[in-house]
Each structure stands twice: as C-alpha cells, then as structure tokens.
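These notes are about the structure you will find just below.
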Number of protein chains: 4
Amino acid sequence: MYIDKEEMKQKNSKREAIIEAAVKVFAKKGFYNAKVNDVAKAAGVADGTIYLYFKNKDDLLINLFEDKMDHILNRFAAGLQNIHDPIEKLKTFIHVYFTLIEEDQQLAEVFQVELRQSAKFLKDYHNQKFLDYLNIIAGIVDEGKREGFFRPTLHTDIIKLMIFGAIDEVARQWILGADDKYSLEQASQELSRTIVDGLLAS
Amino acid sequence: MYIDKEEMKQKNSKREAIIEAAVKVFAKKGFYNAKVNDVAKAAGVADGTIYLYFKNKDDLLINLFEDKMDHILNRFAAGLQNIHDPIEKLKTFIHVYFTLIEEDQQLAEVFQVELRQSAKFLKDYHNQKFLDYLNIIAGIVDEGKREGFFRPTLHTDIIKLMIFGAIDEVARQWILGADDKYSLEQASQELSRTIVDGLLAS
Amino acid sequence: MYIDKEEMKQKNSKREAIIEAAVKVFAKKGFYNAKVNDVAKAAGVADGTIYLYFKNKDDLLINLFEDKMDHILNRFAAGLQNIHDPIEKLKTFIHVYFTLIEEDQQLAEVFQVELRQSAKFLKDYHNQKFLDYLNIIAGIVDEGKREGFFRPTLHTDIIKLMIFGAIDEVARQWILGADDKYSLEQASQELSRTIVDGLLAS
Amino acid sequence: MYIDKEEMKQKNSKREAIIEAAVKVFAKKGFYNAKVNDVAKAAGVADGTIYLYFKNKDDLLINLFEDKMDHILNRFAAGLQNIHDPIEKLKTFIHVYFTLIEEDQQLAEVFQVELRQSAKFLKDYHNQKFLDYLNIIAGIVDEGKREGFFRPTLHTDIIKLMIFGAIDEVARQWILGADDKYSLEQASQELSRTIVDGLLAS
DNA sequence: AATGAATGAGATTTCATTCAT
DNA sequence: CATGAATGAAATCTCATTCAT
C-alpha cells in the first residue's frame, strides 16, 4: 500500500516536475522557441522521459494548461464561496486574479503570452476550461442583472469578454514590465471601480 | 518621368504583394507554422525574392506590423480629426476599431492572434507603434479628465490598457468565431456605453 | 567495466567513422563541393548524427585536421626517436613523410590539396599543430648547425619552410598524379641528397 | 577606326577591371566565399556584366589565372633573356619570383592560396601555363646538368618540383604574414645559396 | 553592351520523436 | 520506467545565373 503511494508520489512528482519545468522554459523562450530538450534539462529528466508522460510537445502544453487551469478555477471557487453580493464578487474576482498573477509570474506569462499564440490553442483546441473560466464572470454578471444591481440590458456574452480583456491586458503589461508605473494593488482598485461603475444600473 | 513612377509602383507592388500574402498565410496557418515558401507562392514570387525585400522571416513580420500599423494610426487620426468632445472621441475610437476589424479580418487575425505570440513582438522588439496607438487612448482619457467629463482620479496608464484590452478581446473572440452570438455593431454600442459609464465623473 | 570500454569504443568508432568518411569524401570531391550528406552516407549515419559530434562542416574539417595531425606528429616522434645524427634525422623525416603519404593517399590529398584552400585554415584558424610540425624540421636544422654539420649561418625560419615546401610539393604532385614519372622512393632519395647537400657546411 | 580602338580599349578595360577586382576579392575572401556580386561591386559593374565576359565563376578564375600567368611568364622570359650561366639563371629566377610577389601581394595570395584549392584547378583543369612555368625551372636544371654545373644524375622532374615548392612555400608564408621574421631579400639569398649548393656537381 | 531584379535549386542545420539498451 | 544517441524530414536562406528592359 505505502509503496503504491510512494510510487504514485514519484509518478506524480515526475509529471509535475516536467510541467513546472515547461512553465519556466516556455515563459522564458516561448513555446515555439523552447526545445523539448530544454524542458527535459530543466526537469532533470531525459528527453525520452517526457514522451512517457505526454504524447508530444503540443500535448505537454495542453496538459500544462489544463492542470493549471484546474488549480485556478479552484482558487476562484474558493475565493468566491462565501460572497453573495455580485458587486463584491466582481471585486473579489479581480483581486484573486491579480493575486494569482503575482504568486506565479512565470505561469502568468505562459497563460498571458504563450497560450495566445498557436492556432492550436485559440482555435482548433476546444478549450472547455477557458470557457468555464469566462463563465465565472458571466455568472456574476447575470446574477447582478437578475438582482437589479447591473443594467438588465447588458449583453453578457460581450460584457464577460470585455471584463476578461480589460483585466487580462493590464495584467499582461504588468508581467511584461512595460509598465512599472503601477502596482497590481492599484490596478485592482482602479479596474474594480471602473468596471463596476460601467455596469451599474443607473 | 512616368517610367520612374511605374517602376516605383512596380517595386512597391512587389513588396506590397509579399506583405499581403504574408497576412493571408499567417492568418491561416500562424506565423510559426507558415513556411516562407507558402508566402512566396501566395505572393506569386520565388522564395528568394522575399529575401530581396526582407532580411528574414521575422523581419517580414515586423515590417508587416509596422506598415499596417501606420495605416491604422492614420485611420484613427482621420476618424478623430473633427471631433472635440472626449466622450464622442472614445465612441468613435471604438467604432473605427471595429470597422477596421471588419474591413480586413485576416489582418485582424494576424494582429489579434499571431502578433501576440513571439517573444520578439511583445518583449524583445521595442514597439513604438503600439505605444503610439495606446497613446491615442491615453490622450482621450486625459482630455476627458481635464475637461471634467471623466473622474480626475483616473490612473491613465491603467485605464488605457483596460480600454484597449476590453476592445481587443471582444474583437479577438469575434474574429476567432468563438462567439457568433453578437455583431460588431452590437459590441461597439455595448462597449461604448459601458466604458464611458465607467469613466464618467459622478 | 567492459561495458564502459565497449561504449567508449562505440562512441569513438562513430566519431572515427565520420572522420574517415570525411577524408574519403573531401579527397574525392573537395571540401566545398562535398555535401554533408555525402559524408553521412559514406559514414553510414544520418545527417543529423554528424552534428552530434561536430559543430558544423568547418568544425568537422578542423577536427579531422587536428586528429590526423596528432597521429602524424606521433609517427614522426616515433621515427626519429633513436636517431641522433641530424643528417640521418633529416633523411628519416623525409622518408617517414613519404611513407605516410603512401599509406593513406586520400588523407594526403585532403592535407595536400583541400586544407590549402580555405582562408579558415591558412589564415584565420590559428594552427598550432602545423607549427609543431614545422618545428620538427627547425629542430633538426638547429641541431645540425650546433653540431657543425650544417652551415652555421643558415636562417632556420627560412630553411624550415624551404624544406617543408620542397617535400610537400613533390608529394602533392605525386598525389595528384600529374607526375607518374617518379616513385616516392626515388623522390625520397633525390630530395634527401639534394637538401642535405644544400645545407652542409663546406 | 579610332572608334574601334576606343571601344577595344573600353572592352579590354572592363574585362581587365573585372579581373583586377576578382584578384582583390578572391585574395580577401577566398574563391568559394567570394560572391560574384562582391566582384561586380569591386569592379563597378553589374552582376550580369561579368557573364558577358566570362562563362561563369570558375571561368573567371581560369581566365584570371591564364592572364596573370602570361604576364608572369613574360617577366621571367625578360629577366632571363641575357643570362647564360645556369647558376645565375637560377638565382635570377628566384629573384624575379620574389620581386613579382612583392609587387602584387594580392595577386600572389590568389596564386599561392586560392589556386591550390579546387580540384578544378589542380586536377581537372589541364594547366598548360603552370607546366610552362615549371618547365622554365626544368630548362635551367637540364642546362646546368648538360654544362656540367649540376649533378648529371639529377631527376629533373623531381628537382623542378622541389625548387618550385621551396620557393613557393617561403613566399606563401611571407604573404600570409605568419613569418615577419625575414625579408624577401634575405629569403632570396638563402634560397639561392641553398638550392644551388644542393644541385652542384661535387 | 549593360543592368540588376528575380529566380529556384540545393545546402546546411535543427529538433521533435523513436527505440534499443 | 528511464535513457539519450540517433534519426531524417523539413525549413530557412544563399547565391550563381538568367533575361527582360
């Protein structure tokens, strides 16, 4: 029994190690410029080992995405659990987002930059986790409409993208260091205020 | 005299043809999956010809970006020329943006998807044209603050990114066809109203 | 233990195989006209394998040169080991030279013809092994002067080149088959006699 | 009439210009690394123009060689014209050789380095001019034998190569600047003395 | 005769993936 | 399970040569 557990841990830990290495390497070099061997070296395994855990390089990126997205979705679920006011929910959503960005900037970079890149990921690959993520926002917006906080005429499909895009871009530029003119805390406040104001029923 | 003109046109037209072909091909296959030979065939020239006009594949992408960005910046300048009310300016900006997207969807796809991908473009390559573009938004926001329309406490560096991100994401998803639930006209209206409301001084 | 040895042998044997193949192919086609794929085929490996052992085509030529030069220098050292008379040493040097030429005519051709060609080898690439080689001759000449056999006024720096050039050219033309009018044995005798006579103190 | 002459001069001067440019460029970069366009630029003509005067790049090198060799052969003929003593002839030959080297070091470099390079030139291309050149030496040696100055047993075919190689190598190293330890004048003296001593009948 | 833009065959080199150990 | 040497398809880029002007 404990052996199985050990082995499971080993197994997991090797798969994990590869994903963590991939996050680092993809963040630094970009997916297309990163070599499988770079990831292998960073993970402390042989090239071939990666193919024991992942079908190919694309599959590694997909698995990385799904794994990390699970974690992110859990974090949002946890953060929003005990909040009932849609306005507070929206503010919390933004806050959790920036907290995640700050916690793991390399992961953030992969999400912000690399996942945008390939047709594979934004077009061909049907991205349920990303839809789940957008639906958190949609849920909050719909709730706000239902409860009379937000304009009832809001087109949720557009608004959810708008909110996501706004947060995402501010985060991306912070990550890229193009703007060290603002802190994530400032950004969080500014975005919350402006977005909420934009949605409020008059 | 007319010969010089002719030749100029010829010359330009070959460079132009390559760039137009690159837009098509990059939009369809993505930058990294597009072969130089694909671009050459699409442009009706030989592989080598591309290297007479561009240093290498990266350089082609950079030139494509700069050329097209010039056009875009001109379009914004023209569109905003005779408008003085900052609120109207913002609405017009959004409208012009979506008009451009609609006019050339392939170009839009390259800008919205492919240009996000390479470290070259978002990090290494210092991107003056993109800054110019963001500064159009910043200018409108600052004007609105000065003239008392918008909250004077707005942090322009954050707000400009927020606005850009919001518009950009809505446009991207429309391009990618993930959402055929809305028209660009609807999106334009919805964004204008929401963003302006978010910025207004109470 | 024997496994390590085996592996070493294997490893060496692949690097070796590539170098031997390169000698054959460069001799036949010339360095610039030889394709990497020609070498790969001759060595019975894939193109890519060559790049596991050598940085690029130039590096292969350099390594070939250094490896073979080591062997050649050893042969000279061995041949001259037990000889003390400078005149005998000179004769032996010439004899060993022609023996090496005869033993491996393809290698000789690469050394005599191909290595002369690229700026890399005669100018840019700093060529310690070749200097070592010339210094064998210089050593013999100096010894001969010191011991009163050779004219004490000989300018060793010139004489060593003269001797090398004389031997080298006779060998080259024999290799190129331009002159099948003489055997290497004849050439060896003729050169020995003439050079020694030229150096002798009167 | 005078127009034809003019044109002839023009014609010659363009062909000449290309050859002179080729000497410069080949000397600097080596034949294989020199681009036709490099030669064209150096000659102040268009790429295509070179093909009006020469069949291809190889043909340019061959023509360069033949032209220059004619000049060289003439110089030797002139220098040796009024000398009858074979020993003096040999000394003069060496002296003329070094004078030519000194007069045009770039040409020398092409002859010394580049012409050695391609199978085309030392094997395939049947090189009458080079044989003519070697035969000047052979003629002197034979004369010396006939007149009793040199050992009658000398194998002229070997000796001519030996003499050529000795002179050539000393010249080459001087060109390459590897040895700035000696002047060409010194070299000339040293070689003359040593070679003549080596050949003398005892 | 001269030009030089255009060609396109072909060479080097890379790197994801495999498989014998 | 793990390795990493070997593979070889495929991509970028070069450059001698052509040919319409």
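Just so you know, these numbers use all the heavy atoms, side chains as well, and skip hydrogens, waters and symmetry mates. Proteins get letters first, then strands, A, B, ... in listed order; numbering begins at 1 in each.
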Phosphate OP1/OP2 of dA2(E) contacted by Lys14(D) side-chain N/O (<4.0 Å):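 Indeed, a polar side-chain atom of Lys14(D) lies that close.
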Distance check needed: [N] [atom2] versus [X] [atom1], whole Å only.
X        : N       : atom1 : atom2 : value
Leu60(A) : dC15(E) : CG    : P     : 17 Å
Tyr53(B) : dT12(F) : OH    : P     : 20 Å
Lys41(C) : dT7(F)  : NZ    : P     : 15 Å
Ile50(C) : dT14(E) : CD1   : P     : 13 Å
Phe54(B) : dT12(F) : CZ    : P     : 15 Å

According to side-chain contact (heavy atoms from CB on, under 4.5 Å), who are the partners of [X], at least two apart in sequence or on a separate chain?
X         : answer
Lys24(C)  : Gln106(C)
Val45(D)  : Lys14(D), Ile18(D), Ala40(D), Ala43(D), Thr49(D), Ile50(D)
Gln105(A) : Trp174(A), Ile175(A)

Stems where DNA chain E pairs, listed by first number, each of three or more Watson-Crick or G-U pairs under 3.5 Å: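 So the stems come out as E:2-21 with F:2-21.
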Residues in salt bridge (Lys or Arg N to Asp or Glu O under 4.0 Å) contact with Asp67(C), at least two apart in sequence or another chain: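 Once residues adjacent in sequence are excluded, the partners of Asp67(C) under the salt bridge (Lys or Arg N to Asp or Glu O under 4.0 Å) criterion are Arg15(C).
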Contacts of type salt bridge (Lys or Arg N to Asp or Glu O under 4.0 Å), residue Asp59(A), not counting sequence neighbours: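 Salt bridge (Lys or Arg N to Asp or Glu O under 4.0 Å) list for Asp59(A), sorted by chain: empty.
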Qualifying salt bridge (charged side-chain N to carboxylate O under 4.0 Å, His left out) pairs, either residue in residues 39-53 of chain C, two or more places apart: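 Checked against salt bridge (charged side-chain N to carboxylate O under 4.0 Å, His left out) - neighbours excluded - no pair reaches residues 39-53 of chain C.
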Base versus backbone protein contacts along nucleotides 13-19 of chain F [heavy-atom cut-off under 4.0 Å; B, S, -]: BBSSBB-
By side chain to side chain donor-acceptor pair (under 3.5 Å) - contacts of Lys68(D) (at least two apart):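 If we apply the side chain to side chain donor-acceptor pair (under 3.5 Å) test to Lys68(D), skipping adjacent residues, the hits are Glu20(D).
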Position toward the 5' end of DNA chain F (nearest nucleotide), Gly44(C) or Val45(A):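 Nearer the 5' end of the strand: Val45(A).
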Under 3.5 Å: donor-acceptor pair, side chain of Lys29(C), backbone of Ala27(C):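 Absent.
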